[in-house]
2 protein chains.
Amino acid sequence: MESDCSLCPYISVAEAKLDGCQLKQLSENHIVVGFKKGDSIIKQGTYSTNIIFLRKGLVKIHITGPYSEQIVKLAKPPTYLGLPTTFGAKVNQYSITALEDCEVCFIDITVFRNLLKESEHFSYEIIQALCRYEIESFRRCANRTQKLTRGNLADVLLDFANNIFQSDVFIVPISQTEIGNLIDTSRESVSRMLSEFEKDGIIRTTGKQMEIINKKSLELISQNG
Amino acid sequence: MESDCSLCPYISVAEAKLDGCQLKQLSENHIVVGFKKGDSIIKQGTYSTNIIFLRKGLVKIHITGPYSEQIVKLAKPPTYLGLPTTFGAKVNQYSITALEDCEVCFIDITVFRNLLKESEHFSYEIIQALCRYEIESFRRCANRTQKLTRGNLADVLLDFANNIFQSDVFIVPISQTEIGNLIDTSRESVSRMLSEFEKDGIIRTTGKQMEIINKKSLELISQNG
DNA sequence: ATAGTTTTGTGATATTCGTCACATTGTATA
DNA sequence: TATACAATGTGACGAATATCACAAAACTAT
């Protein structure tokens, strides 16, 4: 499936800096691929041969740590996936898996490099994006390692509500085991703490659906552990 | 103090891609500044107005976490410092402090941006460097959060010996408190474990000097916690 | 040198959280 | 609908490590 990037509603900030001719290059050298929930989009250890742009659906970025799987972060559109790998290493340094049905653009790396060359605005936007990612990951790591588990769990729920779904009612997109992998704790602890939050009237759960009732409390827990 | 970049022995990989004229721009628009051990080179929260290149001396990159100071990593020359901040945010997102006497180039940001514009090779190298940093920080974070403290401490010592000083005998450049901030543990635990390592004949310490006697053991501890 | 400050060593105790075990519920598929 | 498999809830227990307390040592600056 090929499509005209100049008409695409999911275009990235960087791509918005391209002119018509450059967008045409992009249009002619990418394909849009659908992934089903659970599908692997990038697999750690395989060669990375394309630039990947997420235009629809939620994904998790995860790496095989020394002992267990670590979910680095969840990502939602519009965002490039795997840029660090593509430019910084030959093989993928992490895996990306679809948490919902996704649509993804595979962009030819030669074309992408050419665009970096041709458009200084484009490459500047990419540099900026990379810089923001890195700052974000410093902070995320500091939080994860310093906060108590309670605080980290609160952060995850706030991230769901404030960023990912932008609603205080949402379907939790990952299992408790995965939440554990995200905040470096065990499934059991996640379960216990969610029960606590529910008992304390902070959240209400119905199956996979969760409603945040008392966001103030969650924010306090996020701050004070 | 101004100097001719084309003669500088500390030039970065990216700068090596510049032509004579571009290097001249760089030469004319940067100053070299010396910092004493303990001096603050970048302070979190202040405006970032220059590109900073470390050409001599060891530094620590640290951020104020939710509870305590977190040392993100140690950095040695040749490397840019604070690139992420300069392009991704207006104010510095972390602090950088000299652990030894340092020499640092302050490069005018407009000139640097201009070089990014003019030289695709230069900007590509910068992109690559940013990508490598990010991959590295994913991995570092996964290690830190998953490994037991013993394993993390072993990693720090191996990093000193293999990367930073490239010798199995070195002067430990940071205090035990700082080692604790680096691997997210308490000063006391660091002290106890170093004593253990010494008792087990893995290291020998004489004041601030440390000698790694049994690197194999350290590597095993790094792997198995 | 010496007083003051920082760094380090070490014991006792408390806390957090992981692990194991098993019951229960939910979900997918034949 | 029945069956299997995945996800979740919950108790008991133990391991790792933080915290507190204080002493000793090392470093710094007047």
Side-chain angles (χ1 to χ4, degrees), chain A residues 36-39 60 65-71 97 99-101 144-154 156-157 171-200 203-210 221 224-225, chain B residues 36-39 60 65-71 97 99-100 143-154 156-157 171-200 203-210 221 224-225:
Chain A
K36 286 242 152 59
K37 180 178 170 171
D39 284 354
K60 63 172 177 181
Y67 294 103
S68 59
E69 199 69 6
Q70 163 110 48
I71 300 184
T97 304
L99 294 175
E100 306 170 343
D101 291 357
R144 257 213 289 258
T145 48
Q146 283 185 20
K147 283 191 187 178
L148 295 182
T149 304
R150 263 174 80 79
N152 282 319
L153 183 56
V156 169
L157 301 187
I171 306 293
V172 180
I174 53 179
S175 71
Q176 292 185 358
T177 303
E178 287 175 308
I179 294 178
N181 291 340
L182 187 54
I183 61 177
D184 292 290
T185 193
S186 66
R187 174 191 73 73
E188 292 92 330
S189 296
V190 173
S191 173
R192 273 185 261 267
M193 284 180 196
L194 286 177
S195 302
E196 254 185 71
F197 286 176
E198 182 129 32
K199 201 187 68 212
D200 296 348
I203 59 172
R204 174 164 35 227
T205 55
T206 323
K208 279 277 182 193
Q209 179 179 295
M210 177 174 295
I221 292 169
N224 306 317
Chain B
K36 286 243 154 56
K37 179 178 172 174
D39 284 354
K60 64 173 178 181
Y67 293 105
S68 59
E69 199 69 5
Q70 163 111 48
I71 299 184
T97 304
L99 295 174
E100 306 169 343
N143 278 335
R144 256 213 289 258
T145 49
Q146 284 185 21
K147 283 191 186 178
L148 295 182
T149 303
R150 264 174 79 79
N152 282 320
L153 183 57
V156 170
L157 302 187
I171 306 292
V172 180
I174 53 178
S175 71
Q176 292 184 0
T177 304
E178 287 175 307
I179 295 178
N181 291 339
L182 188 54
I183 61 177
D184 292 290
T185 192
S186 66
R187 174 190 73 73
E188 292 92 328
S189 296
V190 172
S191 173
R192 273 185 262 267
M193 282 179 197
L194 285 177
S195 301
E196 255 185 71
F197 286 177
E198 182 128 31
K199 203 187 67 213
D200 296 349
I203 59 172
R204 174 164 37 228
T205 56
T206 322
K208 278 277 181 193
Q209 179 179 294
M210 177 175 295
I221 293 169
N224 306 317

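Here is how names work: the chains are called A, B, and so on, in the same order as the sequence lines, proteins then strands, and each is numbered from 1.
- For B:E198 (side chain) and B:T205 (main-chain N/O), a donor-acceptor pair under 3.5 Å exists by modelled atom type.
- Panel note: side chain B:T206, backbone B:Q209; no donor-acceptor pair is recorded below 3.5 Å.
- In this structure, B:Q176 and A:T185 both approach DNA chain C, and ranking their closest nucleotides by distance from the 5' end singles out B:Q176.
- Side chain of A:L148, nearest nucleotide from C:dT8, C:dC17, D:dT10: C:dC17.
- The main-chain N or O of B:S68 is found under 3.5 Å from a side-chain atom of A:Q146 such that the two form a donor-acceptor pair.
- When the C1' atom of D:dG14 is taken as reference, atom CD of A:E188 falls 14 Å away, rounded to whole Å.
- Distance A:L153 CG to C:dG18 P: 12 Å, rounded to the nearest Å.
- In this structure a side-chain-to-backbone donor-acceptor pair under 3.5 Å is missing from B:Q176 to B:V190.
- With rounding to whole Å, A:Y67 atom OH is found 17 Å from C:dC17 atom C1'.
- The two residues B:N143 and B:N152 make their nearest non-hydrogen contact at O-OD1, 3.7 Å.
- Atom CZ of A:R150 and atom P of C:dG18 are 14 Å apart (whole Å).
- Computed from coordinates, the B:I179 CD1 to C:dT7 P distance equals 12 Å when rounded to whole Å.
- Rounded to whole Å, atom P of D:dA6 lies 19 Å from atom CD1 of A:I174.
- The main-chain N or O of A:R187 is never found under 3.5 Å from a side-chain atom of A:S191 such that the two would form a donor-acceptor pair.
- Distance, A:M210 CE to D:dA7 P: 16 Å, rounded to whole Å.
- Annotation: side chain of B:M193 is not in contact with side chain of B:T185 (no heavy-atom distance under 4.5 Å).
- B:S186 comes within contact range of at least one nucleobase, with a heavy-atom separation under 4.0 Å.
- Between B:K208 and C:dT8, a side-chain N or O to OP1/OP2 separation shorter than 4.0 Å is present.
- In this structure, the nucleotide among D:dT17, C:dT7, D:dA21 sitting nearest to the side chain of B:R187 is D:dA21.
- Using a 4.0 Å cutoff on non-hydrogen atoms, the parts of residues 189-198 of chain A near DNA chain C are A:S189, A:R192, A:M193, ordered by number.
- Across the protein-nucleic acid pair, B:Q146 atom CD and C:dG18 atom C1' stand 14 Å apart, rounded to whole Å.
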